[in-house]
Each structure stands twice: as C-alpha cells, then as structure tokens.
Amino acid sequence: MAGAFEDEAEQTVTIDEYIEELEAEELEADLVLGGDEGKECTYPRGYMKRQAIFSCLTCVPGGTAGVCTACSLSCHDGHEVVELWTKRKFCCDCGNSKFGGVLCKLCPDKETENSENSYNHNFRGSYCTCGRPYPDPDAKEQIEMIQCCICEDWFHENHLGLNSSDEIPRDEDGEPLYEDFICQQCAITCSFLKLYPAYIWATSKQNNAPSVSNAENVVDNGSLDSRYPDKNDDNVPVAEILGHSSSSGSKPESVSTKEESVCDEGTEINVSSEDTKPCPENQELSAKCIIGVDINVSSVLLEKMEPMFLSKKWRELLCKCGTCYEFYTRNGIEYLTDKEDTIEAYEKMAKSKREEKLKQQEGAELNFLNTLNHVQKIEILSGIADMKNEFRTFLESFDQSKPVTSEDIKGVFENLAKKKKQRLS
C-alpha cells in the first residue's frame, strides 16, 4: 500500500523551475510559429519565404491544402489538423476552392487556388519513405526524424540510407553538427556540391560526404581552393565562417564530370534564359565563378545515392555567378542562396519578435501604473509587499519535506484577504 501512495504522489517543482519550464515552452512555440501570434491570416502577404503551415484533413481529406497559424486557430479549431512545422514559399489556402465553398473567417476574399504552392504526402499526415504518420501509433518507440532542406519531407533516422544512425554528424552530447540535411533523392539534384571543398560537409567519426567515382576527366584538387573566395558577400572571412583556418581545410575530392565545360572566371555572365527567375532581394550575382565548371552542362557522377549533411554556414559559400544561378533556378533550388530561407534566419526572426513582444508587455505595465493616482499606486505597492511577506512567512514555517498543496496556497490568499480587510477597516 505504501508503494501505491508513493506512485500517486504529485511531482514537486520549485516556482523557478515551473517558470523556466513555461518560458521554454513559449520559446519553442515561438520558434516553430516564427513569432506569429495567430491573429491575422497571412494570405495578404502572398508566398512567404517561410512560415508555419497546417493541413486540415477534416476540410480537405486529400491533403492538398495548407493553412496559416491564424486560420488553424480561427477557422479549423476542433478539426483534424496536421502540424507541418515550416514550409517555404507558401500562401495560405484557407477558404479557397479546395474547401468546398467554406470561406476563410479572417480573409474571405481569396483567389480560387494558389498555383505556386507545392504539396507532398506530409499534408496527408504521412512522412519519410515509409509513409508512416508521426507520432506513429503502431511503433513501440518513436524514431527521431530529420527534415530535408530541399523537398522538406521528414525522414526517420533509420531510413536515411545510412548503414547506421551513428553516421549522422553529432557531437558528444548528441547535438547535430550539421546545418542542413539533403535526402538521397534530392542529393542527385545537388550532386554539384561535390565540386566544392570537402569542408562544406559536416564531419563526424565517419566520412559523410557522398563518394564520387573517379574517371579520366577530373577537376584538379588544387584548382578549386585557389578560386575559392577568402571572404563571403558580407566580407566575413571564410575561415571564420567555417570555424577553422582555411589553410588547414581539406582539399576538394576528385570528382568526375560529363561534358565538362569550364566557365571563364573573369568574365561577366549574362543569364538570358526565360525560365530564370530574378535573384533574391538584396543579393547580387557575382561575375566570378568559384568552381570554374558550367554545372548546367556538366554533371557529377555519384557512386551511389547517399544523403548529404552540410556544415554550418555552408550556404554562404555557394557560388552566385550567373551560370550557377541559372542552374539553381532551373532546378528550383535558387532559395539556397537566400539567407532568409534558412531555419536559423527564421528562428532568429522569431526570437527578435519575442523580445519585442516582452518589451511591449513591460511597457504596458509601466503605462498602466502611470494612469493611476497616488493612492492607487500606494495600494498596489502595499498589496505586493503584503503578498511577498505572506509567502516568505509561509515558506519559513512550512515543512520542506512535504509537498505544497492547493489548500496551502488557498490559505495564503485567505490570510492576505484578512490583512487587507483589517488595513481598510
């Protein structure tokens, strides 16, 4: 019987621990939602670079629509909603033609369809190559999942195409050493990354850079490093970005190319393809090609399909010449050169919004006090002092070996009410 009572005992936490836990949960939510408070539909903002998206399977069972945070709360409360974390270049679908005539409560005037939105099986609540839901109700243990930065699908660690999950670059505490993950299928499109120095790959005990076949036509090991810039577009040294001396960095591995076409690194390249999209805002194309190979007509032959794990800040090292950017655009990956596309930038924006919100809350409290007269201010300050003293008295006299119950807290506030009544009488 004693053991049964011990199992039923409430878990005890300190006030500081409780507050820290609440703040951590609020911060996690802000990071996922990008600081969006969920008050306004994001449709008027068009195809946002990145935002939290949800799929309502009650309204659109086929999983071919996505809604923003505000619509998930206001228009789909109580529905079967799938949380998709973040999606890039997405415009809220809520209330369009896919919803069978049910208009959005927050922004009813919308186009019938958002033609530039893309959808995958995540919108149906399925993930990975196995197509299972997450969390998986049939799984004995939930396997951690990693999101591909290209297709944005999520993959179980044991379905990445690795021999073991131990090959995933992590530090001693199990924290990821990589910034981005590219799945096996998307690695084919991104095989051009093998033309870059080996230090763009996140390293661990084992080599995670996909192996490349050796052939007669190879890019010279020393040629790429000599072309590689000492600083990025923000004039930050590459060695500082990578966290080590560039002189000690690994040389790029030998890679085979088909139909190799060398790009003149000293010539301005004009991109005239009709399919080429404009360069991201606040970003200029470079006249100098870093890799010296036209990746539009050359291809890198991978020995086998393997996932890619990219090091921190690797995107800042990508070539931004006209020829390379034409390749990015044609393959729909031009966002890789946009700093605002990264999860890091998204979370940084969320933290900034959170700090601003907390400052506004503090300012609102001060403004409230300024609206009070002298007597009201004294009353509030006296009440705060009484509460502080009452809690101190309670804690000093309380047996710390026992848990604090709701009756104990109720007693504290009853004593406060009595003291206030005595003070006013």
Side-chain angles (χ1 to χ4, degrees), residues 21-100 102-127 133-135 145 147 149 151-154 335 338 340-361:
E21 184 178 351
L22 285 180
E23 290 179 344
E25 290 177 355
E26 288 179 358
L27 176 58
E28 183 179 358
D30 281 340
L31 293 181
V32 173
L33 301 178
D36 187 352
E37 297 182 4
K39 296 180 180 179
E40 298 179 354
C41 176
T42 60
Y43 179 83
R45 299 166 66 181
Y47 294 91
M48 296 178 62
K49 290 189 175 182
R50 187 171 292 280
Q51 66 171 314
I53 293 295
F54 304 80
S55 174
C56 180
L57 298 182
T58 301
C59 296
V60 187
T64 57
V67 302
C68 67
T69 301
C71 289
S72 72
L73 299 172
S74 299
C75 306
H76 304 276
D77 183 32
H79 294 187
E80 183 183 356
V81 174
V82 179
E83 183 179 348
L84 302 174
W85 201 40
T86 70
K87 295 291 181 183
R88 68 166 60 90
K89 195 184 173 186
F90 201 95
C91 187
C92 181
D93 285 321
C94 182
N96 66 16
S97 60
K98 297 182 178 182
F99 289 79
V102 180
L103 299 180
C104 175
K105 297 177 182 178
L106 301 178
C107 185
D109 187 15
K110 295 182 178 180
E111 295 290 336
T112 56
E113 190 172 334
N114 296 317
S115 59
E116 294 185 37
N117 280 354
S118 60
Y119 313 89
N120 59 15
H121 64 163
N122 295 169
F123 286 77
R124 299 191 297 274
S126 300
Y127 305 90
Y134 188 86
M145 304 187 81
Q147 188 182 36
C149 70
C151 66
E152 297 191 300
D153 193 4
W154 291 82
Y335 50 79
D338 186 356
E340 295 181 10
D341 174 76
T342 65
I343 296 297
E344 181 182 9
Y346 180 80
E347 292 185 344
K348 183 178 179 180
M349 173 193 68
K351 290 178 180 178
S352 177
K353 288 183 178 180
R354 177 178 172 80
E355 291 174 359
E356 183 180 348
K357 180 174 66 176
L358 292 175
K359 288 181 180 179
Q360 289 176 348
Q361 290 175 351

Pair [X], [Y]: side-chain N/O donor-acceptor within cut-off below 3.5 Å:
{"X": "Glu113", "Y": "Ser97", "result": "no"}
{"X": "Tyr43", "Y": "Asn96", "result": "no"}
{"X": "Asn114", "Y": "Asp93", "result": "yes"}

Using the ring of each side chain (for Trp, its six-membered ring), is Phe123 parallel, tilted or perpendicular to Phe90, with breaks at 30° and 60°?
parallel
Would you say the side chain of [Y] lies within less than 4.5 Å of the side chain of [X], judging by non-hydrogen atoms?
{"X": "Met48", "Y": "Cys92", "answer": "no"}
{"X": "Arg88", "Y": "Asp341", "answer": "yes"}
{"X": "Met145", "Y": "Tyr134", "answer": "yes"}
{"X": "Pro44", "Y": "Cys107", "answer": "yes"}

Do the side chain of [X] and the main chain of [Y] share a donor and acceptor less than 3.5 angstrom apart?
{"X": "Gln147", "Y": "Trp154", "result": "no"}
{"X": "Arg50", "Y": "Tyr346", "result": "no"}
{"X": "Tyr47", "Y": "Glu116", "result": "yes"}
{"X": "Lys98", "Y": "Val60", "result": "no"}
{"X": "Ser72", "Y": "Thr69", "result": "yes"}
{"X": "Thr342", "Y": "Ala345", "result": "yes"}

Applying ring pair (Phe, Tyr, Trp, His ring centres under 6.0 Å), run through Phe99 and His76 and close with a yes or a no.
CA-CA 11 Å; Phe99 289 79; His76 304 276; 5.7 Å; yes
